[in-house]
Number of protein chains: 2
Amino acid sequence: MRELAVCGVLDADALRQFKESGPTVHYNAGDTVVFESDQATNVYSLTSGLLRLSKLLPDGRRQIAGFLFPGDFLGITMEEEHAFTAEAVAPSELCKFQRRQFDEFIERHPALERRLHAFAAHELAAARQQLVLLGRKTATERIASFLLMLEGHCHSVCANQEIAVPMSRADVADYLGLRIETVSREISRLKAHRVIQLTGRQSFRIVDRSRLKQMAEG
Amino acid sequence: MRELAVCGVLDADALRQFKESGPTVHYNAGDTVVFESDQATNVYSLTSGLLRLSKLLPDGRRQIAGFLFPGDFLGITMEEEHAFTAEAVAPSELCKFQRRQFDEFIERHPALERRLHAFAAHELAAARQQLVLLGRKTATERIASFLLMLEGHCHSVCANQEIAVPMSRADVADYLGLRIETVSREISRLKAHRVIQLTGRQSFRIVDRSRLKQMAEG
DNA sequence: CGTACATTTGATTTGAATCAACGTTGGTGG
DNA sequence: CCACCAACGTTGATTCAAATCAAATGTACG
């Protein structure tokens, strides 16, 4: 579903129109694309890179609600304001549209509308799956689930079984509802038990997938 | 958004057609409407009652991903299978449609399609808000947030400030990622601190809303 | 009534957080 | 080139919030 980017559902002509209807904007790692509580006046389509959607509590606790990968949309919320801050985790490119232009474009292209529907439905399913993780899973189960999720995101992309962890330990912790120390400890445990193999700080290999799946429960 | 039931967006004629295109089905409290992993062959529109969406882990841990109120839809998932079990919390009535009929009907009624869009967007926002609660809030904050959420669901419905808690403590616990003992203790604490007042096991009144809001953080 | 179940309350345990060093890495400038 | 340093990550010791274990109390219903 995710891999169906905009270009997959529009014919060449419509695609050209689409791209032209909004400029491409670039962000460096750490840059903020939209702030929580900003007016939702634009819609974005991520073409490359990685974004995180996060929310801060008044005392600084942070929760990451999800990551956006190429092909995902940002700002299709239907609310007046954004509920989450969107920041670039890695250098990213987005197509930026005025909401009104975007809505008009959609009306003329039912295929894009279906794509948006599918995106929203997929995001909802992913968010609910994450609710189970945050509400009921142990630290070990959360890490195992997360590593398998990362694997799922690089079908053919990742060379020779090497899976990228494109975000920092702090991001992983805030996504999984844990502290960085716990993330680090649990990863070390998986390594010690020969379930995974670290091939760098930002990449790993799965040694025993069935055990990892078992540890992720579900 | 929730309060805009189907009837709010269709004219009288279209509404009659809509109701006729699927039978009304009844469920008693505790009945299962759809099982997790069932084929998603039907779409439902809840007309009265209350449903819970839940998922069980192999060892019996349960997480409730959300509750469905009148006007909400069930089964618009776009996936082959349902990801969550839907059960009636109270006696409930639903309009049941074949997915194909439903899709055809939508195509002829853009207003309904917008309603579905809004519903999906609202559910996504609610799920992400719940991610913050489950990932980062303390037991006290979770209970305070939940009680305020309940208040939000009975704008004009609830007589003289009395807010209904239409589900069991076990359901509350499994929705908030806590155990029933913790839910009970935290509610007792709020009562002891004169922040709320219990008016029955299934209902309460807010005595000090600003303090409750403060306790819910955000 | 009395039985079964739901809820509350109390005592103890425990998994993850917190506090505290200690390694590692990558970028910068001498 | 490599020494420095700041940011990131790991590991260890201790604490704490919520879970678990264990009754007791309240409530609905045949």
Side-chain angles (χ1 to χ4, degrees), chain A residues 28-30 52 57 59-64 89-91 133-147 164-193 196-204 215 217, chain B residues 28-30 52 57 59-64 89-91 133-147 164-193 196-204 215 217:
Chain A
N28 293 318
R52 62 173 174 246
L57 293 182
D59 65 356
R61 281 173 288 174
R62 184 179 71 150
Q63 179 64 38
I64 292 178
V89 172
L133 182 146
L134 293 177
R136 290 299 179 215
K137 289 191 180 180
T138 64
T140 309
E141 290 162 0
R142 291 179 201 204
I143 295 290
S145 302
F146 179 71
L147 296 183
V165 184
M167 67 291 286
S168 70
R169 293 287 187 269
D171 284 344
V172 175
D174 286 346
Y175 181 58
L176 299 180
L178 300 170
R179 310 317 314 273
I180 46 178
E181 295 95 328
T182 304
V183 170
S184 183
R185 269 186 253 278
E186 292 299 331
I187 289 177
S188 296
R189 251 161 49 86
L190 287 175
K191 187 180 66 174
H193 288 66
I196 62 169
Q197 173 191 359
L198 296 187
T199 58
R201 271 205 303 193
Q202 304 266 97
S203 63
F204 69 100
M215 293 177 96
E217 299 269 302
Chain B
N28 294 318
R52 61 174 175 247
L57 294 183
D59 65 355
R61 281 173 289 174
R62 185 180 69 149
Q63 179 64 38
I64 292 179
V89 172
L133 182 147
L134 292 178
R136 289 299 179 213
K137 289 192 180 180
T138 65
T140 308
E141 289 162 1
R142 292 179 201 204
I143 294 290
S145 302
F146 180 70
L147 297 183
V165 184
M167 67 291 285
S168 70
R169 293 286 186 270
D171 284 344
V172 175
D174 286 347
Y175 181 58
L176 298 179
L178 301 170
R179 310 316 315 273
I180 46 177
E181 296 94 328
T182 304
V183 170
S184 182
R185 270 186 252 278
E186 292 299 332
I187 289 178
S188 297
R189 250 159 52 84
L190 287 175
K191 186 180 65 174
H193 288 66
I196 61 168
Q197 173 193 358
L198 296 187
T199 58
R201 271 207 301 194
Q202 305 266 97
S203 64
F204 69 100
M215 293 177 94
E217 299 269 304

K.L.:
What is the distance, rounded to the nearest whole Å, between atom CD of Gln202(A) and atom C1' of dT25(C)?
P.N.:
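Roughly 11 Å, once rounded to whole Å.
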K.L.:
Taking only residues two or more places apart in sequence, or in another chain, which ones meet Arg185(B) in a salt bridge (Lys or Arg N to Asp or Glu O under 4.0 Å)?
P.N.:
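So Arg185(B) forms no salt bridge (Lys or Arg N to Asp or Glu O under 4.0 Å) with any residue.
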K.L.:
Map Thr140(A) and Ala170(B) onto DNA chain C by nearest heavy atom, then report which one ends up closer to the 5' terminus.
P.N.:
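Residue closer to the 5' terminus by nearest nucleotide: Ala170(B).
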K.L.:
Over how many whole Å does the gap from Leu176(A) atom CG to dA16(C) atom C1' extend?
P.N.:
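These atoms are roughly 14 Å apart.
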K.L.:
Provide, to the nearest angstrom, the distance between the NZ atom belonging to Lys137(B) and the P atom belonging to dA17(C).
P.N.:
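The answer, rounded to whole Å, is 18 Å.
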K.L.:
Between C1' on dA19(D) and CZ on Arg142(B), what's the gap in Å once rounded to a whole number?
P.N.:
12 Å
K.L.:
Which residues pass the salt bridge (Lys or Arg N to Asp or Glu O under 4.0 Å) test with Arg136(B), not counting sequence neighbours?
P.N.:
Asp174(A)
K.L.:
What is the distance, to the nearest angstrom, from the CG atom on Asp174(B) to the C1' atom on dA19(D)?
P.N.:
14 Å
K.L.:
Looking at residues at least two apart in the chain, or sitting in another chain, which of them share a salt bridge (Lys or Arg N to Asp or Glu O under 4.0 Å) with Arg201(A)?
P.N.:
none
K.L.:
Rounded to whole Å, please give me the gap between CZ in Arg136(A) and C1' in dA18(D).
P.N.:
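Distance check: Arg136(A) CZ to dA18(D) C1' gives 11 Å.
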K.L.:
For Gly200(B), which contact category applies under a 4.0 Å heavy-atom criterion: base, sugar-phosphate, or nothing?
P.N.:
nothing
K.L.:
Could you work out, with side chain to side chain contact (heavy atoms under 4.5 Å, CB included) as the rule, every residue matching Ile187(B), not counting sequence neighbours?
P.N.:
Ile143(B), Arg169(B), Val183(B), Ile196(B), Leu198(B)
K.L.:
Between Glu186(A) and Lys191(A), does any side-chain N to carboxylate O distance fall below 4.0 Å?
P.N.:
no
K.L.:
For Phe146(A), give me all partners under ring-ring contact (aromatic ring centres under 6.0 Å, His included), at least two apart in sequence or on another chain.
P.N.:
Tyr175(A)
K.L.:
Expressed as a whole number of angstroms, how long is the span from Glu186(B):CD to dT7(C):P?
P.N.:
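After rounding, the gap between these two atoms is 17 Å.
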K.L.:
Between the protein and nucleotides 10-13 of chain D, are there any N/O to N/O pairs under 3.5 Å, and if so, what are the atom names and distances?
P.N.:
from    : atom 1 : to        : atom 2 : distance (Å)
dT10(D) : OP1    : Arg169(A) : NH2    : 3.3
dT10(D) : OP2    : Arg169(A) : NE     : 2.8
dT10(D) : OP2    : Ser184(A) : OG     : 3.0
dT10(D) : O5'    : Ser184(A) : OG     : 3.0
dT11(D) : OP2    : Ser188(A) : OG     : 2.4
dG12(D) : N7     : Arg185(A) : NH1    : 2.8
dG12(D) : O6     : Arg185(A) : NH2    : 3.2

K.L.:
Between P on dG15(C) and CD1 on Ile143(A), what's the gap in Å once rounded to a whole number?
P.N.:
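Atom-to-atom, Ile143(A) to dG15(C), this comes out as 17 Å.
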